[in-house]
Amino acid sequence: MDIERRLAVLDLNARYAEAIDEGRLEEWPDFFTDDGRYRITTAENVEQGLPLPIVYATSRAMLRDRVKALREANIYEAQRYRHVLGPARIELGADGMLHARTGFMVARIMHTGETALFATGTYRDRIVEAGDAPRFAERTVILDSRQIDTLLAIPL
Amino acid sequence: MDIERRLAVLDLNARYAEAIDEGRLEEWPDFFTDDGRYRITTAENVEQGLPLPIVYATSRAMLRDRVKALREANIYEAQRYRHVLGPARIELGADGMLHARTGFMVARIMHTGETALFATGTYRDRIVEAGDAPRFAERTVILDSRQIDTLLAIPL
Amino acid sequence: MDIERRLAVLDLNARYAEAIDEGRLEEWPDFFTDDGRYRITTAENVEQGLPLPIVYATSRAMLRDRVKALREANIYEAQRYRHVLGPARIELGADGMLHARTGFMVARIMHTGETALFATGTYRDRIVEAGDAPRFAERTVILDSRQIDTLLAIPL
Amino acid sequence: MNIHERTTHERTIQRSWPSDGLTRIPYWIYSDRDLYEEEQAKIFRGDTWTFLCLEAELPRPNTFRTANLGDMPIVVTRDKDGAIHAFENRCAHRGSLLCLKERGEAREIVCVYHNWTYDLEGKLTGVAFRRGIAGKGGMPADCRPDSHGPRRLRVEIFAGLVFGTMSERVAPIEPYLGPEIAAKVRRVMKAPAKLLGGYSQMLPGNWKLYMENVKDSYHASLLHMFFTTFRLNRLSQKGGLVISEHGDHHISYSYTADVAGKEYEQAGMRSANADYGKLEAPELLESVDEFGDGVGLQILSVFPGFVLQQIRNCLAVRRVVPQGLDRTELAWTCFGFEGDDEEMTELRLRQSNLIGPSGLISMEDGAATGFVQRGIRGATDWESVVEMGGNGTASEESRVSEAAVRGFWKSYRRHMKL
Amino acid sequence: MNIHERTTHERTIQRSWPSDGLTRIPYWIYSDRDLYEEEQAKIFRGDTWTFLCLEAELPRPNTFRTANLGDMPIVVTRDKDGAIHAFENRCAHRGSLLCLKERGEAREIVCVYHNWTYDLEGKLTGVAFRRGIAGKGGMPADCRPDSHGPRRLRVEIFAGLVFGTMSERVAPIEPYLGPEIAAKVRRVMKAPAKLLGGYSQMLPGNWKLYMENVKDSYHASLLHMFFTTFRLNRLSQKGGLVISEHGDHHISYSYTADVAGKEYEQAGMRSANADYGKLEAPELLESVDEFGDGVGLQILSVFPGFVLQQIRNCLAVRRVVPQGLDRTELAWTCFGFEGDDEEMTELRLRQSNLIGPSGLISMEDGAATGFVQRGIRGATDWESVVEMGGNGTASEESRVSEAAVRGFWKSYRRHMKL
Amino acid sequence: MNIHERTTHERTIQRSWPSDGLTRIPYWIYSDRDLYEEEQAKIFRGDTWTFLCLEAELPRPNTFRTANLGDMPIVVTRDKDGAIHAFENRCAHRGSLLCLKERGEAREIVCVYHNWTYDLEGKLTGVAFRRGIAGKGGMPADCRPDSHGPRRLRVEIFAGLVFGTMSERVAPIEPYLGPEIAAKVRRVMKAPAKLLGGYSQMLPGNWKLYMENVKDSYHASLLHMFFTTFRLNRLSQKGGLVISEHGDHHISYSYTADVAGKEYEQAGMRSANADYGKLEAPELLESVDEFGDGVGLQILSVFPGFVLQQIRNCLAVRRVVPQGLDRTELAWTCFGFEGDDEEMTELRLRQSNLIGPSGLISMEDGAATGFVQRGIRGATDWESVVEMGGNGTASEESRVSEAAVRGFWKSYRRHMKL
Ligand code: FES
Ligand code: FES
Ligand code: FES
Ligand SMILES: [Fe+3]
Ligand SMILES: [Fe+3]
Ligand SMILES: [Fe+3]
């Protein structure tokens, strides 16, 4: 695949990670299409063929609802993430979308200064290139671990 | 060096890391040439000029033997790795091969959910471009730490 | 922006990280311009609009002074870092320099073998392309955490 | 100085239970180092029943699953005839774990260390080279290694839930639960469960802080603003609190129909948050009255560490596993019923946004245990106030009450003889 | 074997203080598990004053900041009238932390768990649904939850520094400091402070090892080679050691003017390092005599865990917060003065290269606590030698002395009755 | 409740050794908090010899290496005359570590904290500013800081192995080992060692679990399937078990020649794995009979924590370093002999695939200690069964025996007076 398109995907990943790591959650839904799907689950559930998600949204509107809840309703201590990504594997899917798989590590830094390796896993993405910038038609976050420390408030 | 070749190396690294992180160990030997060499050692041994390896293979056949042992003989708890790579430094070697140095961090996730920063270090590679895809004529894994937690079963 | 320039920045990041991770501190000042600025601070100070740095240099000469102190004056146990970088966001600044933002995770490995996730944060860079290779006119290291384990001797 | 005196003295202060009975909980109970091991022996390995897994997690003969009795590792199996057994996950020989996986298929269990073998009842069936080799070595004929465990648990299955205990004395599970609790367990487990999946949370607090949280009907609508704002649960909604005879178990429930009260708004509760507005995607809260009784929320707990949850159509079991003085694993397993169609499953999955580590109405609970664990660091000789709804542990209609929390301590003290 | 005897026996050995008074410190003092909690009660929550924050950290009415009294969490507030208060960061109800942030604005404090409310004095002002809902539930009329804390601290502000204590008996802050220390605190806090920022270090050693390090005027120029090489501080420079009456507090100071002595070179000290050469960028060490007395270095400590630092124009307060037996948080806050112009601020910021976790003359201190903690692992029944400058705790001109370290132990033993 | 009684009571239960002597090991021995410190004093700092390093690790005069006596840090040095010394890695002054590196060159040792200096025998040679500066400060003339350590160890070199002890009473190393063990140490250390390198493993279990594993000749061919499959070691191969007089030390050995027995296959051992097939690259197992006696495997252990390994031509020393109740560092150093040609070195390096954290026949051992540590969490009042080969600790030809494990406990109890 030509380099331009690959770089466009890397750039999408970069902007997505940066928006979250810098706490700009309001921008997060806009990385998805209107009917974009976002799901966090665990490798254990996937391997067992079980559908249970940790977070599950089937539209950008649902993502906005979650952001609003995180801003106005939910209680959690101030914290930030730091994403680093593994190399992305990108292919052109039969559906005409770009299919990408990218590994990640996310550190969580609490306001107290406590830093921990919080989550690792893979992004499984279907990306549409239409319009100004590519968007996620679907982003599935598969966590390597079955276990979350305390809570998972900020999206991954 | 032209971007195509650089990307080919990044792609090799990406596919290698993904195969291991997804547990497809059977594919691992095929990233090497027939007489490909694979060695894991520590920065401490390297600095002292001592040759002791943690893992040492001098042919793809030996890698296959290790995979077979890991599948059929050795006992270790279910676990997976997650690789993230530092930026790769690539040069054209006098031997006509590509010489690459890439830093890495590997997290280990146990079936229990326990996640830890398991290993960090550098890949020192000699890569041949002949044929369909580039392959490792030699991959040396230099661990930053002299110490391994419990065991190192899955290759790095 | 054209790929060449992007790759030149990635290459600068790569060489910088490698020089530090391999302990070649003497090379570190040369990644900066003569009047290059280097500053380490915390996200907490930045958010409060407070100027206190952890390390603060306003010239390459100051960086050399620090390297000399680390080599000849300061006492700290043998240790090394391992950098992995998040994807870089690069823009052309009004000042004609390249402005880059890159997230990072740094592991610290003590001579005893103890490995820990030592620091996470962002590089905020202003890069001049003049001459043979790009250099940092300014590199600000913003740590996500307000807390450092034991000491921060080797630069980030 | 005479250390010994000092030590004794200190302890005595610490260990005395406040005179006010169940309305005051001393904070040392969450941080005393020696207490942890004592709880393991007297409560988890004592005269209590622990939920091990859903029967559905052992779908076929010759399957196993690992679980815990407090922090003691357990194996649960379904043998070739379909019977369910549970025993210590500890080899009779030298104590190695027998099962190294969460779940799997097995006709026998082989310890990896020296290949001693067990059947699925946990009976030792083979000792490698027991008679030695070529007449040399091996084990004395009179040695009875099978007498060294693994200890087998008493197991009972109630409404598709597998419970186990080390106690010979404790009553069978149904009387242990009591009629009211038993009935409400049956209410939720109305049909064979169909697994949807699971995950776990590591909580930064003592296990008792989580159990208090679960039994605390007072906090739900105050801590979980999402709950209140969307009237999923308000104390003003019709509902009640059921507490079993000795305080051990509880149910907190409420009806979906909202009396449209304005109590929260009048009281100016943060959690009422009048101007929050609507959801852009209200389908998140779509639900059906599958139990046909209008009860939209039923949180049920069984002493010491089991929770059965019905939030609308989102059903889950939670296992509370102590992992040390101030770490607790909370293991969630969600399920629907065999016969759920795709639409119903989708409904349950969408509602699962409400629960777990990212749950819009549950994420706060995990953190709350930590807020208390940290808040009381300097107050080991102080105590909490648990006086909402008076000092009793009786069932009542009002959930503006901490009666169920007092019930927990009533039964805790009985088991700990404290 | 009779365990009990063994245990007692062991302890007795361990716990006896050496006969040589303050010149020998037993190593078990840094590693005894039970001692930690005892120190929290007898020292940090005992008859001592703890520095909480700078007054400047509460810039406006209705602001708060969290702090610590030992490892007990504290809230410091400035109320609407500008008065400063401090109280436990623990809810009266069930003990949750009240403030979850380092700092912020607030007119009242609402506990997140059940929305009980407090004013900025720490007084309980509201209990959610205290009277229940629709006449059901709620709290008995005679219940007095406010009697259950958070405990309020005695607070005093001295020269812009906010101190707090749990003790009713301890003297007010100024007599607690004593005239000499008080005067030198005033010397540094000569004008309203302007915050420059902060950070913290997690030290791998017991908190007492850091306090010894601070009071150890003997180590400074020997461990910190940068100090010596650039004659920022040499024991041969004019200066002295001030120790308060009971040993509690100390000052180590020296004049900038160098007698150009060659003692270090003659003694062949590693730290003298004659051939080190010059700085390429000497501006790093540029400074002005802002206090007008030629004193370039004044390190001042207040028992148990406060440090006020003047290194040239680099001013900082340091809070020592125990985080367990062998972990200690060292929290730095740097400041200048209102009215500092840009140039002066730049000067202070440049000098801040000398301090903190990367400080050219301070990075060693953090590690040193770990060197000792690890060095004594096999020597709990041995003791250190603290005999530089004899066995007394009096002020003296020479800093080739461990008098201030002995002073620390004098007051430690008094508080611990050890 | 009377706590004190409770505590005492609990302990007494816990601490009583089972009546069955050495055939039953109580599980509290691996998890009792107080026991750890007691073992450090009575065993590692008691009447035992600890392996410190190979003589070859101090290649030249004026070199040093750090090591451990249990968890006490040690410095081993070779002085300018080539003599080897060992002493505590703890400064006489305030207890700082003296050496901060694993190894290096040094003519003297300077403590970084206050620059006190030591010679390579560990003798204090200099106290910075002992006489003060300009007649002020400094140390009283009668102060004898050198009397405060570092404590020097008794050191003996046996066959190129450096051993140290804190005990005055323990016999010299050769009688300590006894004639049989000494002979087999000499057998392996047949020529000056040439270092090949090292690494370490952090094991998730108590140190005693690893020592049991090493002495457990019964597990080798059952746990390590690779061993068995390729007939590197089968219990049916000719070999034996040597146990020193008091049980302290052991050797397990076997001859390379295989009797081609089918015992494992007949017994249906998982580890026999008949249909495993051949290696694609059999050169992995190429070896030469360098000791000329046909013994292909000799595992030798010296109480409390030393292992000398010969697996074919793969030679290593292993140091067992307790790092807490349930963490143990296992430090490996591999070596060949001076005069090995390239081919011989390559042979050893290839065989090193068998050992260490990735060793095809050793990776299981590290994990096994964790399997037991976790398996016994709920069974502190239970015990393991160590009755293979009866109840004795005598040498025997059969390795289907746990005699060497019983030997370990015999000597453990002697030292602990348990
Ligand atoms: S420990 Fe299970 S067979 Fe030995
Ligand atoms: S704990 Fe604060 S309101 Fe209940
Ligand atoms: S501690 Fe070593 S010189 Fe002071
Ligand atoms: Fe809740
Ligand atoms: Fe210092
Ligand atoms: Fe083994």
Side-chain angles (χ1 to χ4, degrees), chain A residues 29 34-79 108 110 112 114 116 118-119 141-156, chain D residues 102-103 195-205 223-230 270-271 273 275-284 316 327 329-336 345-346 348-353 355-371 374:
Chain A
D34 282 356
D35 59 353
R37 298 169 63 82
Y38 177 77
R39 203 163 62 92
I40 302 179
T41 186
T42 69
E44 183 188 45
N45 284 337
V46 170
E47 281 162 8
Q48 288 186 83
L50 295 175
L52 185 72
I54 292 176
V55 172
Y56 179 36
T58 53
S59 70
R60 186 196 270 164
M62 266 196 200
L63 296 178
R64 279 194 296 261
D65 284 336
R66 183 166 277 270
V67 170
K68 191 175 182 192
L70 290 173
R71 292 298 195 205
E72 300 179 33
N74 293 117
I75 306 287
Y76 52 98
E77 286 183 279
Q79 55 192 273
R108 183 185 61 191
M110 301 303 292
T112 53
E114 191 188 341
F118 178 63
V141 185
I142 302 174
L143 298 176
D144 292 324
S145 173
R146 67 181 315 282
Q147 181 177 293
I148 299 291
D149 180 71
T150 308
L151 54 71
L152 194 165
I154 301 171
L156 285 166
Chain D
E102 268 63 41
R103 59 186 68 79
L195 282 187
L196 294 178
Y199 39 67
S200 82
Q201 276 173 274
M202 192 57 72
L203 308 183
L223 174 61
H224 309 303
M225 193 158 132
F226 196 88
F227 236 149
T228 320
T229 307
F230 298 105
R270 175 186 61 74
S271 63
N273 194 25
D275 54 7
Y276 186 98
K278 299 215 165 315
L279 289 177
E280 285 189 55
E283 57 267 36
L284 178 75
R327 285 176 82 238
E329 184 179 1
L330 178 64
W332 301 72
T333 305
C334 293
F335 61 94
T345 299
E346 180 69 10
R348 299 193 197 278
L349 298 181
R350 234 189 284 118
Q351 289 178 33
S352 69
N353 277 300
I355 64 158
S358 300
L360 292 165
I361 58 175
S362 73
M363 71 170 74
E364 289 88 359
D365 292 321
T369 63
F371 297 158
R374 284 148 60 194

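Remember, it's a predicted structure, so these values are computed and weren't measured experimentally. In the text below, chain A, chain B and the rest are named by the order of the sequence lines, each starting its count at 1.
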Considering only heavy atoms, which portion of [X] lies under 4.5 Å from any heavy atom of chain D: side chain, backbone, both, or neither?
X: A:Thr150; result: both
X: A:Asn45; result: side chain
X: A:Gln48; result: side chain
X: A:Ser145; result: neither

Of all of [options], which one pairs up most often with chain D through heavy atoms under 4.5 Å apart?
options: A:Gly49, A:Ala57, A:Ala69; value: A:Ala69
options: A:Asn74, A:Leu151, A:Leu70; value: A:Asn74
options: A:Leu143, A:Ile154, A:Leu50; value: A:Leu50

Exercise for the section: Mind listing the closest non-hydrogen atom pair of D:His224 and D:Ser362 along with its distance? Expected result: CE1-CA, 4.3 Å
Exercise for the section: Locate the shortest heavy-atom distance separating D:Gly366 from D:Pro204; write the atom from each residue and the value. Expected result: O-CD, 3.6 Å
Exercise for the section: Determine the option with the most heavy-atom pairs under 4.5 angstrom with chain A, choosing from D:Ser352, D:Cys334, D:Pro357. Expected result: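 Most heavy-atom pairs under 4.5 Å with chain A: D:Pro357.
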Handout entry: Under-4.0 Å salt bridge between A:Arg108 and A:Glu77
Key = no
Handout entry: A:Arg39 side chain reached by D:Leu349 side chain, heavy atoms, under 4.5 Å
Key =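 No, their side chains stay 4.5 Å or more apart.
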Practice task
Compare all side-chain heavy atoms of D:Asn353 with those of D:Leu284 and state whether any distance is below 4.5 angstrom.
Solution key: yes
Handout entry: Gap between atom CZ of A:Arg66 and atom CZ of A:Arg71 - 0.5 Å precision
Key =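 Answer for the CZ-CZ pair, A:Arg71 versus A:Arg66, is 13.5 Å.
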Handout entry: Any side-chain donor near an acceptor of the partner, A:Arg37 and A:Tyr56, under 3.5 Å
Key =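 On atom types as modelled, these side chains qualify, holding a pair under 3.5 Å.
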Handout entry: Contact class of D:Arg103 relative to chain A, heavy atoms under 4.5 angstrom
Key = side chain
